[in-house]
Amino acid sequence: MSEAPAEIVASARAAGRTLLSEVESKALLAAAGIPVTEARLATSPGEAAAIAGEFGFPVVLKIASTEVAHKSDVGGVLVGVADEAAAGEGYDGIVAAVGRAAPGATVDGVSVQRQAEAGVEGIVGVTSDPQFGPVVMFGLGGIFVEVLKDVAFRLVPLAPRDAAQMVREIRGLPVLEGTRGQPGVDLEALERLLLSVSAFIEAHPEVVELDLNPVFAYPVGHPAGGAVAVDARVVLGEAVPA
Ligand code: ADP
Ligand code: MG
């Protein structure tokens with residue numbers, strides 16, 4: 001995560017891209033204080049092994065391609081990579097799998113990232129409404145969003161009260177509060193995350209879409225912290241001609 005926020009946006013613009021890579025998206029978000037798993041781009045198996053060695057194990061490897069929308073659908077995500085040898089082999093394995101499942105997709109390399117401990121899965125998103133402007137969405141992962149449409153929306157900018165309401169108004173709240181002997185998650189950490197996302201969007205009007213899917217949420221006092229986004233996707237609006 002070495003590039004400065006302005007350089008990340010500028011280099012995407014220079015390349016004529018509106019979609020930022022996961023590595024770029026996470027660097028931009030981390031600079032804004034949004035918790036993400038640190039990710040770096042490797043362009044060879046050896047580089048993947050070296051970055052993994054710096055992070056410490058386990059790490060996660062993911063295909064880096066702005067032409068692949070759902071990385072796991074094409075064999076592009078490998079979790080639980082345990083040592084440097086596995087990181088090097090994983091690099092080749094992922095590139096080969098994506099080559100079979102999505103032939104022709106341009107591959108920039110493989111992102112190497114710290115593996116977050118499993119938590120309760122949530123989703124945070126931003127879309128832009130033509131009339132009302134940016135809207136923040138919060139929900140739980142998987143079927144809660146896809147099947148049950150169990151999500152909360154608020155317009156940017158969010159007030160603290162909006163964030164507090166969003167995490168509590170979804171029907172899946174018992175999942176966050178803890179059920180069947182599972183401890184509840186740190187709701188205030190999720191509120192802070194939503195407020196940081198709102199502040200990020202205010203500071204970056206060029207961002208029209210944002211997906212943090214999934215966010216892992218943890219119980220209060222968990223060593224991993226309150227919540228962390230393990231996948232991120234930032235979309236810029238079309239460049240306004242100067
Ligand atoms: P995509 O959504 O493009 O298929 P993701 O980056 O969301 O790919 O990865 C798929 C799944 O792998 C996630 O839902 C999560 O369960 C797991 N995962 C991804 N990155 C990490 C990470 N850094 N730490 C732990 N688990 C991860
Ligand atoms: Mg994802």
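Each ligand, and each atom within it, is numbered from 1 in the order the structure gives. No experiment lies behind these values; they were computed from the predicted model shown. Residue indices begin at 1 and follow the sequence shown.
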Engineer: Give one line per pair: atom of ligand 1, protein atom, distance. Only N/O to N/O under 3.5 Å.
Structural biologist:
{"unit_1": "ligand 1", "atom_1": "2 (O)", "unit_2": "D231", "atom_2": "OD2", "d": "3.2"}
{"unit_1": "ligand 1", "atom_1": "3 (O)", "unit_2": "K71", "atom_2": "N", "d": "2.8"}
{"unit_1": "ligand 1", "atom_1": "3 (O)", "unit_2": "K71", "atom_2": "NZ", "d": "2.9"}
{"unit_1": "ligand 1", "atom_1": "4 (O)", "unit_2": "K71", "atom_2": "N", "d": "3.3"}
{"unit_1": "ligand 1", "atom_1": "4 (O)", "unit_2": "S72", "atom_2": "N", "d": "2.8"}
{"unit_1": "ligand 1", "atom_1": "4 (O)", "unit_2": "S72", "atom_2": "OG", "d": "2.4"}
{"unit_1": "ligand 1", "atom_1": "6 (O)", "unit_2": "K62", "atom_2": "NZ", "d": "2.7"}
{"unit_1": "ligand 1", "atom_1": "6 (O)", "unit_2": "D231", "atom_2": "OD1", "d": "3.4"}
{"unit_1": "ligand 1", "atom_1": "6 (O)", "unit_2": "D231", "atom_2": "OD2", "d": "3.3"}
{"unit_1": "ligand 1", "atom_1": "7 (O)", "unit_2": "N213", "atom_2": "O", "d": "3.3"}
{"unit_1": "ligand 1", "atom_1": "7 (O)", "unit_2": "D231", "atom_2": "OD2", "d": "3.0"}
{"unit_1": "ligand 1", "atom_1": "20 (N)", "unit_2": "K62", "atom_2": "NZ", "d": "3.0"}
{"unit_1": "ligand 1", "atom_1": "23 (N)", "unit_2": "Q113", "atom_2": "OE1", "d": "3.0"}
{"unit_1": "ligand 1", "atom_1": "23 (N)", "unit_2": "R114", "atom_2": "O", "d": "2.9"}
{"unit_1": "ligand 1", "atom_1": "24 (N)", "unit_2": "A116", "atom_2": "N", "d": "2.8"}

Engineer: Residues sharing I51's hydrophobic cluster, by side-chain heavy-atom contacts under 4.5 Å among ILVMFWY, directly or via others?
Structural biologist: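 F55, F57, V59, L61, I63, V68, V74, L78, V81, Y91, I94, V95, V98, V107, V110, V112, which link up through side-chain heavy atoms under 4.5 Å apart, make up the rest of the cluster.
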Engineer: Please indicate how many protein N/O/S atoms are found closer than 2.8 Å to the Mg ion (ligand 2), with waters neither displayed nor included.
Structural biologist: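 Counting protein N, O and S atoms closer than 2.8 Å to the Mg ion (ligand 2) gives 2.
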Engineer: Dump the intermediate steps for side chain to side chain donor-acceptor pair (under 3.5 Å) on E47 and T43, then the final yes or no.
Structural biologist: CA-CA 7 Å; E47 201 183 351; T43 55; 2.9 Å; yes
Engineer: Using the ring of each side chain (for Trp, its six-membered ring), is H222 parallel, tilted or perpendicular to Y218, with breaks at 30° and 60°?
Structural biologist: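 Rings of H222 and Y218: parallel, as their planes differ by under 30°.
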Engineer: Are Q113 and T37 linked by a side-chain donor-acceptor pair shorter than 3.5 Å?
Structural biologist: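 Looking only at side-chain atoms, T37 and Q113 do form a donor-acceptor pair, the distance falling under 3.5 Å.
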Engineer: Main chain of A164, side chain of R168: is a donor-acceptor contact present, judged purely on distance under 3.5 Å?
Structural biologist: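 Pair found, side chain donor or acceptor close to backbone of A164.
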Engineer: Quick one: do V126 and V124 end up in the same hydrophobic cluster if we chain Ile, Leu, Val, Met, Phe, Trp and Tyr together by side-chain heavy atoms under 4.5 Å apart?
Structural biologist: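 Yes, one cluster joins them.
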Engineer: Apply the hydrophobic cluster definition, ILVMFWY joined by side-chain contacts under 4.5 Å directly or through others, and give me every member besides V208.
Structural biologist: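 ILVMFWY cluster around V208 also holds L19, V235.
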Engineer: So does R40 get a backbone contact from the side chain of S111, meaning a donor-acceptor N/O pair under 3.5 Å?
Structural biologist: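 No: the side chain of S111 does not pair with the backbone of R40.
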Engineer: Between T66 and S21, is there a donor-acceptor pair closer than 3.5 Å when you use the side chain of the first and the backbone of the second?
Structural biologist: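 No, because the side chain of T66 does not come within donor-acceptor range (under 3.5 Å) of the backbone of S21.
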